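Structure first, then comments.
Chain naming here is simple, since letters A, B, ... match the order of the sequence lines and numbering starts at 1 in each. Just so it is clear, the model here is predicted, and its values are computed rather than measured.
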2 protein chains.
Amino acid sequence: MKSTGVTIADVAREAGVSPMTVSRSLREPARVSAKSRERIAEVIERLGYVPDPAARALAAGRTNVIGVIIPSVTNNVFSDVMRGIYGVIENSPWQVQLGNSRYVAETEEALTRTFLSQRPAGLIVSGVDQTRKTRELLINAPCRVVQIMELGEAPIDMMVGFSHREAARVATQHLFDKGYRRPAFLAARVDPRTKRRMAGFEDVVRTAGAFDPSRILATSAPSSAALGRTLMAELLDNAPETDSVLCNNDDLALGALFECLHRGIDVPNAIGICGFNDLEMMAVAYPTITSVKTYREEMGRIAATMILETLKGIEPEEPVVDLGFDVMSRQSTAKLL
Amino acid sequence: MKSTGVTIADVAREAGVSPMTVSRSLREPARVSAKSRERIAEVIERLGYVPDPAARALAAGRTNVIGVIIPSVTNNVFSDVMRGIYGVIENSPWQVQLGNSRYVAETEEALTRTFLSQRPAGLIVSGVDQTRKTRELLINAPCRVVQIMELGEAPIDMMVGFSHREAARVATQHLFDKGYRRPAFLAARVDPRTKRRMAGFEDVVRTAGAFDPSRILATSAPSSAALGRTLMAELLDNAPETDSVLCNNDDLALGALFECLHRGIDVPNAIGICGFNDLEMMAVAYPTITSVKTYREEMGRIAATMILETLKGIEPEEPVVDLGFDVMSRQSTAKLL
DNA sequence: CTGTTAGCGCCTTCAA
DNA sequence: TTGAAGGCGCTAACAG
């Protein structure tokens, strides 16, 4: 039944103190005399004692688990965020527990319940589009909560993200600034963030009097480079006047690039391509692709740090962090007007 | 202290049975009368009871945690494997706990100890190059263990993978079959699997009498498309006779492609490119890139399934599964000899 | 600074 | 098929 066999009682006996002192020396070393502490440390080392997290959780009334709810484990964007989270938590006594909502609100709600019933040390959730009930659960959660990915009106607790609508606006404006006049928008699975980006695209395109529904392609299929090629082909066939395209993400952009190469289209002069996220490869793509750089790993890092800090009793200077974005223009030569 | 506040005792009282019966109806429903079972189910639903995993772990002497140790959370390959694992475990009562060894053997050993001290339900570890001590720990582990990624001589317990050396051999031979005569090898961070692939490349190249160290480039830097471009540039500058290149992964291959495009080199006629893993984008790259398809997600799926099955008392038909690989040739036209 | 007391919520064992 | 007793390993809360 016992794993290492070594319990806190064994350590206590060997060190000539009570189990409580051992427990303390582990969690609040400052409140234990240096002598005891050293002796205990030596015994722990010698016996190879490792505290049982289950027993600890049961006794303390909370676990060392930080729950993370994301809508997809397939999407690169979330892998990047997770990397940031793991990076911070890896060398702490806490553990990450991942939940995948699969873009389904009910699943998200169920995951939230499950996590909460485990008395997590903290919770990181994606987006701001929780159901009313999920929101209520999170507001009353007995732990701190960070919403990531987006910025929104009423943060549940803490928040790290950026404005997708604004990012799309700036990217679209950038296309106009470079001299393009008839931009298109390509998107795959339309989640809330995609909708906001699409809205940002429309904002600018309408203002410029360049709105044309035939230049907006969105499907419910999951994103992929293959889909990017398909959508680009469709676009070029049906809206040949298109002179640039804002892709909802870099996979689509890469696919769009390949389709242009395949057709012998001059990128970026005949068609300008702008992706979203600025994955590593975008910087070296040739012909060049512009992309909107987002700070995904940092988002995870900051969210996890916020949880760890509050766990130590340190409040963040600012509960809402806007990470912003950057249009990485790789339009070496300005487009001729 | 209590989260939902609802404990097994509450359910028992409300259902007019003992806590023990509730506990049983949850774990061994067959051993509880249909009447009790229904009544209990109703109460659980009504009260929103969720068993406390910590209490359960403490009492049962083992957790519902399946530990997974991988060397990198950055590497796409492992994200794909994790996706397979999560897919299987997501809808089971078990949970995934991820450990990142960062390619450091000591870290792997420490992680193994930590996991084992938590009495995991199962363990999935990467590769076959554990330290002697880690191996010993795993062999004596009180749970089932699956090694993934590779195949090897002496499986600790179960194993799912493929031969990297053989895969590289076949890929290299494929280049010769297509008419290329002076293939190069590009690699980033050289982990054990990369070494084996390199060996496979050398096997074939030496046999063909085409071995030339100046056409083998490997660095310790982490892999990226940018690095692929850099290495390809270096290769083309220093070994201009190169007519094809086997890249240790698809990021490098993509970078290599971009470098060729940048230099106006005719791919695949002047230079043939072969990647490794066959990421989704490779299928639609233009100019075309061949790649060695590996079954990463399936690897995770099978490994997780093996654990879950053995947990149910079902032994796998075969404890070692060779997933193989496939060279996805995208050499539309045969190379002229 | 240290120890005592009393569980945390559930499951194992054993008996009915 | 069900229940009673006891304890898993640890930590709050409260002394001392």
Between CG of A:Leu58 and P of C:dC11 the distance, given in whole Å, is 12 Å
**Study point:** B:Arg301 bridged to B:Glu297 by N-O distance under 4.0 Å
**Key:** yes
Between A:Arg24 and D:dA12, is there a contact of a side-chain N or O with OP1 or OP2 at under 4.0 Å? no
Check whether A:Asp157 reaches the backbone of A:Val146 with its side chain - one donor and one acceptor, N or O, closer than 3.5 Å. no
From CD of A:Glu28 across to P of D:dT11 the rounded distance in Å is 10 Å
Whole-Å distance, B:Asp52 CG to D:dC8 P, equals 18 Å
Rounding to 0.5 Å, atoms CZ (A:Arg39) and OG (A:Ser33) come to a distance of 7.0 Å
A:Ser33 side chain N/O closer than 4.0 Å to the phosphate oxygens (OP1, OP2) of C:dC1? no
A:Gln118 atom CD is separated from C:dC8 atom C1', nearest whole Å, by 16 Å
**Request:** State, with a plain yes or no, whether a side-chain heavy atom of B:Ile69 is found less than 4.5 Å away from one of B:Phe115.
**Result:** yes
Whole-Å distance, B:Arg31 CZ to C:dC14 P, equals 14 Å
| request: With heavy atoms under 4.0 Å as the rule, sort B:Pro51 into base, sugar-phosphate or nothing. | output: sugar-phosphate
Walking DNA chain D from its 5' end, the first of B:Gly16 and A:Ala9 to be reached, judged by nearest nucleotide, is B:Gly16
Ranking C:dC10, D:dG3, C:dC11 by distance to the side chain of B:Ser18, first place goes to D:dG3
Short side-chain N/O contact from A:Arg56 to OP1 or OP2 of D:dT11, under 4.0 Å:
yes
Checking D:dC10, C:dT12, C:dT4 against the side chain of A:Met20 (C-beta onward), the nearest is C:dT4
note: A:Arg62, atom CZ; C:dG9, atom P; distance rounded to Å ~ 14 Å
Side-chain contact check for B:Ala55: nearest option of D:dG9, C:dC10, D:dA12 is C:dC10
Taking C:dC10, D:dT11, D:dT2 as options, the one with an atom nearest any side-chain atom of B:Val32 is D:dT2
Lys/Arg N to Asp/Glu carboxylate O, B:Lys312 vs B:Glu309, below 4.0 Å: yes
From CD1 of B:Ile8 across to P of C:dG7 the rounded distance in Å is 19 Å
Whole-Å distance, A:Glu38 CD to C:dC1 C1', equals 15 Å
Point to revise | Below 4.0 Å: OP1/OP2 of D:dT2 and any side-chain N or O of B:Thr21 | key: no
Of C:dT2, D:dC10, C:dC10, the nucleotide closest to the side chain of A:Tyr49 is D:dC10
Whichever of B:Ser23 and A:Val17 has the more 5' nearest nucleotide on DNA chain C, that residue is A:Val17
Rounding to 0.5 Å, atoms CD1 (B:Ile70) and CD1 (B:Ile124) come to a distance of 11.0 Å
Is there a side-chain polar atom (N or O) of A:Thr7 under 4.0 Å from OP1 or OP2 of D:dC8? no
Open item on the list: Under 4.0 Å from OP1 or OP2 of D:dA12: is there any side-chain N or O of A:Arg27 that close?
Closed with: yes
